[in-house]
Amino acid sequence: MNQSIAQKISLLRQQIQTHNLNYYTLDAPTITDAEYDRQLKRLRELEEKYPEYATPDSPSQSIGGPVLENFSKVAHELPMLSLGNVYSEEELAEFVERIQKQLKNAQTLSFCVEPKLDGLAISLLYEQGKLTRAATRGDGAIGEDVTYNVKTIKNIPHILKGDNIPERLEVRGEVVMPIAAFHAFNQHAIAKEAKSFVNPRNAAAGSLRQLDSNITAQRPLAFYSYGLGIIKNGCLANSHYQRLQQLKAWGLPLTTEVTLETGAQGCFEAYTRLLQKRPTLPYEIDGIVYKVDDIELQEQLGFIARSPRWATAHKFPAQEEQTRLLDVEFQVGRTGAITPVAILQPVFVGGVTVSRASLHNADEIKRLHLKIGNTVVIRRAADVIPQIVRALPDTHQNSKEIIFPTTCPICASEIERIEDEAIARCPGGLYCAAQRKEAIKYFASRKAMNIDGLGEKVVEQLVDAQLIDNPADLFNLTVAQLIPLERMAEKKANKLIDAISQCKNTTFPKFLLALGIREVGEATAKNLADYFLTLEALRKASVEDLLKVDDVGDIVAQHIVTFFRQKHNQEVISALLASGIHWPEIKAKEQQIQPLAGKTFVLTGTLIQMDRNQAKQALQALGAKVSGSVSKKTDYVVAGEAAGSKLSKAQELGITILDEVEMLNLLNSFKAN
Ligand code: IVH
């Protein structure tokens, strides 16, 4: 007997059993799904290769975890099965070919194609159209009775509507927690220091398997049907797709993503489409399911072990993977904010290789209980910045605490951390090379001075070579100075000098934005320019003057005053103007004659005739200021449907409240004039 193979198999079984317990019973997995799948796949491969070691109680032979003792058990009259998997277009083609061969059917087959919802499988039994029992899948043969809990799920009908409902009808589908609801739930739980969930699926499972159905009722769960079990005394279509449509007509929820496709090619096109759509769906999916549509053909094909031959799942690339945290670097941003960045063992996740991830701030490190050397779970949904979502239980001997630096890693200034503020900051300003680089990059960026060809790498080289120290130095650069830079030939250098020269013709708001004053973004820069009209007036403004400007509060006003007071900034501004930067004069305009000038509106609740943005624009066009929060400064609150706390606050403060119609009348009255 090969001792090491037996040992390997036994170890894998133990590990998988532990993960099953953590995942199915405790709802607290300690590894990613992808890693679990790999372990299970490895075990299956070994058992296949060495059948002498295969045993019926191996975790490779059963699906799901043990049934909790506390719920009563339900024996499924028809077993709840699992699905086989394909992982590529080729494997999909093989799956289709295999079916055609078995059916001796050369013609192209129709498939019902559905999203593979990432939740918890559930069986709903309707007797005489009435929901009488709901059960989890459990191990496929015996599940748990969760009727009371399931009845609290809002989109599950207790009574079916319509005609020709079979006497007994078992609907199968998935219970999920929609992504937005999951985030809201976790945020709330974290704020209350209660238990949060690692992902929407665990949230769904944990919520459904509550012994107290009142708790389940408070969880925002949803159900989607994907199939049928028992059908007694009823006549249903011979197409799986049509059957799902029939369920929908009886009031059962169905996702909007179910389609009928032809052959392997049609299925693969649906895969590509759904993969693209994945980030916009309200629920998590981990793949797509292809099902032979014709029920008679399904019956002919039958089952193999615990999966149907007529269906398979095609998994999407994992969005979560585990890897090692190798180190943490501290990056200095434009305003001196110090951001810890995780340096990771490169890992392929969500379709790209990830080797760095922002850790945001010291609180985030604390929240994750992170140490260097930990195994961490990285999540990257399509087009979303990769994130460390959790650290796995610390099994590494040599893990190291992450020490937040006390001095700036670039300029060695002492780092400041204001109490109650999560952000640590280097106060070095333009003395700090990192902040210098970021300030110049920001100055040149598209929404500011828009200097074509002055990308990050060029700025970094220019600062490192001490050719520039601040944005004003850009205007003294020569072609000869640029040519020696990396990937910079004469033609490119000429173009860049040209672009620098061209940017001198700008607008006042863009110039203001380019200065990089803290908290002054595009909208504030525009408001400042409109109010003060000239740089001179803005330079001299006091905090009180600044507070009169739309959306400028105490903090922003203070930042602006501090900025203009600093000698260094005054020098840079003078140098910029001396280099020839100019903008068209802003006329003291209609502001005074605008009918709603000086009035502050707050919009709240749902508007019916126009959306909030349209209402905001219409009010602003008449000179009104539209603010996000109600205060004593507010003149009018426009309350749409289901207005909440802002409306109550306005009532408390005795502010005039308009409904949507009154607001429209007000807008129209000015149009008529
Ligand atoms: S069909 C006989 N369709 O995936 C076919 N399952 O690995 C049985 N799932 O236990 C399942 N979305 O929890 C089917 N559209 C879908 C599905 C789906 C998610 C889950 C279900 C099942 C598991 C199979």
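When a ligand or atom number is given, it counts from 1 through the structure's own listing order.
- Not a single heavy atom of A311 lies less than 4.0 angstrom from ligand 1.
- Contact between P308 and ligand 1 is present, with at least one heavy atom of the residue lying under 4.0 Å from the ligand.
- Scanning all protein heavy atoms for the shortest distance to atom 12 (N) of ligand 1 gives L117 N, 3.0 Å.
- Contact analysis leaves S307 out of contact with ligand 1, as no non-hydrogen atom separation drops below 4.0 angstrom.
- At a threshold of 4.0 Å, the pair R379-E284 counts as salt-bridged, since one of the basic side-chain nitrogens sits closer than that to a carboxylate oxygen.
- Between F197 and F182, the ring centre distance reaches or exceeds 6.0 Å.
- Taking 4.0 Å as the cut-off between side-chain N and carboxylate O, E364 and R367 count as a salt-bridged pair.
- The pair K291-E261 fails the salt-bridge criterion, with no side-chain N (NZ, NE, NH1 or NH2) lying under 4.0 Å from an Asp/Glu carboxylate O.
- Of the protein's non-hydrogen atoms, E174 OE1, 3.6 Å is the one closest to atom 20 (C) of ligand 1.
- Of the N or O atoms in E114, one or more lie within a sub-3.5 Å distance of an N or O in ligand 1.
- Close approach to R137 involves these atoms of ligand 1, each under 4.0 Å from a residue heavy atom: 10 (O), 22 (C).
- Closest heavy-atom contact between S358 and T339: OG-CG2, 3.5 Å.
- Between E77 and R168 there is a salt bridge, with a side-chain nitrogen of the basic residue lying less than 4.0 Å from a carboxylate oxygen of the acidic one.
- The atoms of ligand 1 that sit less than 4.0 Å from any heavy atom of K116 are 4 (O), 7 (O), 12 (N), 19 (C).
- The aromatic ring centres of Y241 and F111 sit 6.0 Å or more apart.
- Residue P115 has at least one N or O atom closer than 3.5 Å to an N or O atom of ligand 1.
- Given atom 5 (C) of ligand 1, the protein heavy atom at minimum distance is L83 CD2, 3.8 Å.
- The closest approach between K291 and ligand 1 falls below 4.0 Å for a heavy atom of the residue.
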message = Using salt bridge (charged side-chain N to carboxylate O under 4.0 Å, His left out), reason through E45 and R38 one step at a time and then give a plain yes or no.
response = CA-CA 10 Å; E45 278 165 7; R38 272 194 291 273; over 6 Å; no
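- Aromatic rings from Y271 and F268 are positioned such that their centres are separated by under 6.0 Å.
- Distances below 4.0 Å separate heavy atoms of A121 from the following atoms of ligand 1: 10 (O), 13 (O).
- Scanning all protein heavy atoms for the shortest distance to atom 18 (C) of ligand 1 gives Y226 CE2, 3.5 Å.
- The residues R172 and E170 are annotated as salt-bridged, a charged nitrogen and a carboxylate oxygen being separated by less than 4.0 angstrom.
- Among protein heavy atoms, atom 8 (C) of ligand 1 sits closest to L81 O, 3.7 Å.
- Residue contacts with ligand 1, taken as heavy atom pairs separated by less than 4.0 Å, involve V289 solely via side-chain atoms from C-beta onward.
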